[in-house]
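All values derive from a computational prediction rather than experimental measurement. For the single chain, residues carry numbers from 1 onward in sequence order.
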Amino acid sequence: MADADSSARTGPTRGGTGVLDRLDPVVLHHIVNTLGWPDLRPLQRAAITPLMDGEDAVLLAPTAGGKTEAACFPLLSAMAEQKWTGTSVLYLCPLKALLNNLVGRIDTYAQWLGRRAALWHGDTKESQRQRIRADAPDVLLTTPESLEAMLIGVKTDHARLLGGVRAVVLDEVHAFAGDDRGWHLLAVLERLERVTGRSIQRVGLSATVGNPGQLLHWLQGAAADSRMGRVVAPGVSLPLTSDKAAPAQLSRPAGEVELDYVGSLDNAAKLIAALHRGEKRLVFCDSRRQVEELGAALRAREVTVFLSHASLSVDERTRSEQAFAEARDCVIVSTSTLELGIDVGDLDRVIQIDSPASVASFLQRIGRTGRRTGSVRNCLFLTTRPDTLLQAAGLLLLWARGWVEPVVAPPEPRHLVAQQLLAVTLQQHKLGDQLWDQQWNGLAPFDRSATPILRHLTDEGYLDSDGGMLFVGPEAERRFGKRHFIELTASFTAPPQFTVLSGRTEIGRTDPSVLTEERPGPRRLLLGGRSWQVTYIDWLRKRVFVEPADGGGVAKWMNGGIAGLSYALTRAMREVLLGTAPPVSLTRRAEECLAEQRESDAPDTVHPGGTLITRVGTDVRWWTWAGYRANATLSATLSSVSDPLQRPTDCWVRLREDVTPAAWRAARAGVGENLVLPDVDPRAVRGLKFSAALPERLAVATVAARLADFENARTVLGQTVRFEQGQ
């Protein structure tokens, strides 16, 4: 468009396919004259027709690819065209910070049409919620947990507030679908459709998906086989076919990637302090402890540094993110909290300490750069150990091939079935003991297959039964009833942490083990990149009072999730050991370290024709390179030869020290197709939210199913095994 005003009426964007004619004229006017855009991006054009026709869709584009606008412009146009009233669009995000970041932008677009958007999540003040209840916005930005709280809360007339919902946008939909929040989300959407009395259009936004067709089918819920749906990617609009798993063909984004080996976190801090001065750098670490230690090391080198991770207080994180967005010559160090689309200003560079666990995560991170005209996406890997260098090289090998992990919902969410049965009973006040399954429109596993769970809830007093009706029972009140059942709306369990306070200012939260473990000298914490000396611990209220200290602080948090790398990534690491190099820039240090691993480690760990069993003294290892879940499955399946005391790793399974080639062959021959679920640590069952509301055998079976990887365990069992005898 050469002239914005004239082209808004007659320019080339309105010609050709005429697809832009479907947008509301006021929306189109503001795109050209307020935003100053000469045209829409391919994704935004491709999304107009399916979204305005009411189709479900998954919109795919790299980070900063305009997905929010691709969803909002057609839905706002449909809102005006079809005269939707009340709250007609919900915009759901996995993070409150992402909602905070988006609400102003979406409200601006809504106001073009005399509409408005509002925010409701766990940090929203009651006065603001009261305004929303009294005068419903047209677009409501919220989380699935807050949406369920509206359904079950006594203060909100959910039928009045939510009864007019026509469409739901799910930002970063892959972040939901890959864990239990996805099951929770689907169940809540089915209940919402019961409230509205109509099918609700579902639009997912994602930057990184390896199986978009399958993701769309998942998103459509109970009526997936009868609903219209479409995967929309830049320059591509693919109707969903009968092959639900068919992926869209997406090209990986170009980027300048360098892989370095620095040997320690302190060396990484030296390099970051010396390199790229005057630039704005975002450094990703994959643990809160690393964030804290690197932040302190950079601050000691007089680098302007800010920190962001989940155990810092909301105010502390917000201050860091705002200060970083406004500064220039500075560094922000973060866990994955800044991986999703939260705006932290115009970045020059992304630095990765060690390696993320997935290609999808890396794509999100490198996508934070290259947004400025004339700049390119870039990422510098600074690895601190040989094993993390190998992991980073394997990950970059997969990335270079354009491979991205499929997003798969965790299997057998029985604990969430129990949670939903309690939540829907609370929402309805009473529930027919023969009609309860209708609340989820037949969505499995919230259907009749949940009858044993319902029976257990009734037997144990979580539900009461009287006259053919179900009511919330005393055990549910006791376990989950505090603060109007707020515990019932969160689908995950957070490890217990102590709140850290300096005076009346909350710094964040720390793991209790830091307060109890034996250590010489005064007890000091590392939080917010600074050391603090503990002055008082309130054990009952879980509070720690601190004052600033010169150094010596310790950072530590327990990992609540199931650790382990995937089969694909571990196999790629094996390829690197066998000589394949990722097509990125490797520093001399990285090349030398990989060469040393290939020379010294590879002969004893990898075999190009299959897998390898090695013996060094009494230490017998089966080098499968199959990933944690497949190895856990193999260890349980071959229990007659595997070591019962040693947990599997990503790369190998420990075998009994007396195992012989004959015993190995006999154990393997006895398996056939009968693979066994992995053994379950009782601590993992306790970490499953609502596991107390399940029979113990079902809780254990749920965790075991999530640890298993039968497909890849079978692949490994079918490969040739070579026995090597060590000294």
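- Summarising the geometry of Pro474 relative to Asp464, their closest heavy-atom pair is CD-OD2, 3.7 Å, with the distance given to 0.1 Å.
- By the salt bridge (charged side-chain N to carboxylate O under 4.0 Å, His left out) test, Arg202 is found to be paired with Glu190, Glu193, residues two or more places apart in sequence or in another chain being considered.
- Between the Arg509 side chain and the Gln497 main chain, no donor and acceptor come within less than 3.5 Å of each other.
- Qualifying side chain to side chain contact (heavy atoms under 4.5 Å, CB included) partners for Arg478, counting only residues two or more places apart in sequence or in other chains: Glu475.
- Residues Thr715 and Gln719 are in side-chain contact: their nearest non-hydrogen atoms beyond the backbone lie under 4.5 Å apart.
- For His174 and Ser206, the side-chain atoms include at least one donor-acceptor pair closer than 3.5 Å.
- At a cut-off of 3.5 Å, with distance as the only test, a side-chain donor of Thr702 or Arg414 sits close to an acceptor on the other residue.
- Applying the side-chain hydrogen bond (donor to acceptor under 3.5 Å, both in side chains) test to Asp679 and every residue at least two apart in sequence or in another chain returns nothing.
- By the 6.0 Å contact criterion, CZ on Arg160 is open, its count of non-hydrogen atoms from other residues, nucleotides or ligands being 12 or less.
- Legend: residues meeting side chain to side chain contact (heavy atoms under 4.5 Å, CB included) with Pro410, ordered by chain and number and at least two apart, are Asp180, Trp183, Arg706.
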Fill in: Stepwise side chain to side chain donor-acceptor pair (under 3.5 Å) test for Arg647 and Tyr628
CA-CA 9 Å; Arg647 288 180 63 189; Tyr628 180 80; 2.9 Å; yes
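- Note that CG of Asn100 and SG of Cys93 are 9.5 Å apart. Values are rounded to the nearest 0.5 Å.
- With sequence neighbours excluded, the residues that form a side chain to side chain contact (heavy atoms under 4.5 Å, CB included) with His456 are Glu460, Pro695.
- Of the possible polar contacts, none joining the Ser639 side chain to the Ser635 backbone as a donor-acceptor pair under 3.5 Å is found.
- The two residues Val232 and Ala46 come nearest to each other via the heavy atoms CG1-CB, 3.5 Å.
- The salt bridge (charged side-chain N to carboxylate O under 4.0 Å, His left out) check on Asp433 picks up nothing, with sequence neighbours excluded.
- For Trp120, there are no ring pair (Phe, Tyr, Trp, His ring centres under 6.0 Å) partners two or more places apart in sequence or in a different chain.
- A donor-acceptor contact under 3.5 angstrom links the side chains of Arg288 and Ser311, judged on distance only.
- By the salt bridge (charged side-chain N to carboxylate O under 4.0 Å, His left out) test, Asp56 is found to be paired with Arg227, residues two or more places apart in sequence or in another chain being considered.
- Atom CG of Leu470 is separated from atom CG of Leu431 by 5.5 Å, given to the nearest 0.5 angstrom.
- A 4.5 Å side-chain heavy-atom check between Tyr462 and Arg479 finds at least one atom pair inside the cut-off.
- Counted by atom type alone, Glu148 and His184 present one or more donor-acceptor pairs between their side chains at under 3.5 Å.
- For Asp643, there are no side-chain hydrogen bond (donor to acceptor under 3.5 Å, both in side chains) partners two or more places apart in sequence or in a different chain.
- By the side chain to side chain contact (heavy atoms under 4.5 Å, CB included) test, Ala117 pairs with Ile106, Asp107, Val139, Leu141, sequence neighbours left out.
- By the salt bridge (charged side-chain N to carboxylate O under 4.0 Å, His left out) test, Asp179 is found to be paired with no residue, residues two or more places apart in sequence or in another chain being considered.
- The distance from atom OG1 of Thr87 to atom CD1 of Ile132, rounded to the nearest 0.5 Å, is 8.0 Å.
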Item to complete: Report the C-alpha separation of Arg191 and Leu151 in whole Å, then their side-chain angles, then the decisive distance to 0.1 Å, and conclude whether the side-chain contact (heavy atoms from CB on, under 4.5 Å) test is met.
Response: CA-CA 9 Å; Arg191 285 161 53 196; Leu151 291 174; 4.0 Å; yes
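- Of all non-hydrogen atoms in Leu59 and Ala71, the two that sit nearest each other are CD1-N, 4.0 Å.
- Note that OG1 of Thr85 is 8.5 Å distant from CG of Asp138, once rounded to the nearest 0.5 Å.
- Counting only N and O atoms by type, the side chains of Thr624 and Asn631 include a donor and acceptor under 3.5 Å apart.
- Trp440 places none of its side-chain heavy atoms less than 4.5 Å from the side chain of Asp447.
- Among residues two or more places apart in sequence or in another chain, the ring pair (Phe, Tyr, Trp, His ring centres under 6.0 Å) test is passed with Tyr91 by none.
- A donor atom on one side chain and an acceptor atom on the other are found under 3.5 Å apart for Trp622 and Thr611.
- Side-chain contact check for Val671 versus Leu717: some heavy-atom pair is nearer than 4.5 Å.
- Gln391 places a side-chain N or O within donor-acceptor distance of the main-chain N or O of Pro356, the cut-off being under 3.5 Å.
- Side-chain contact of Gln439 with Gln420: a donor-acceptor pair under 3.5 Å is absent, judged by distance alone.
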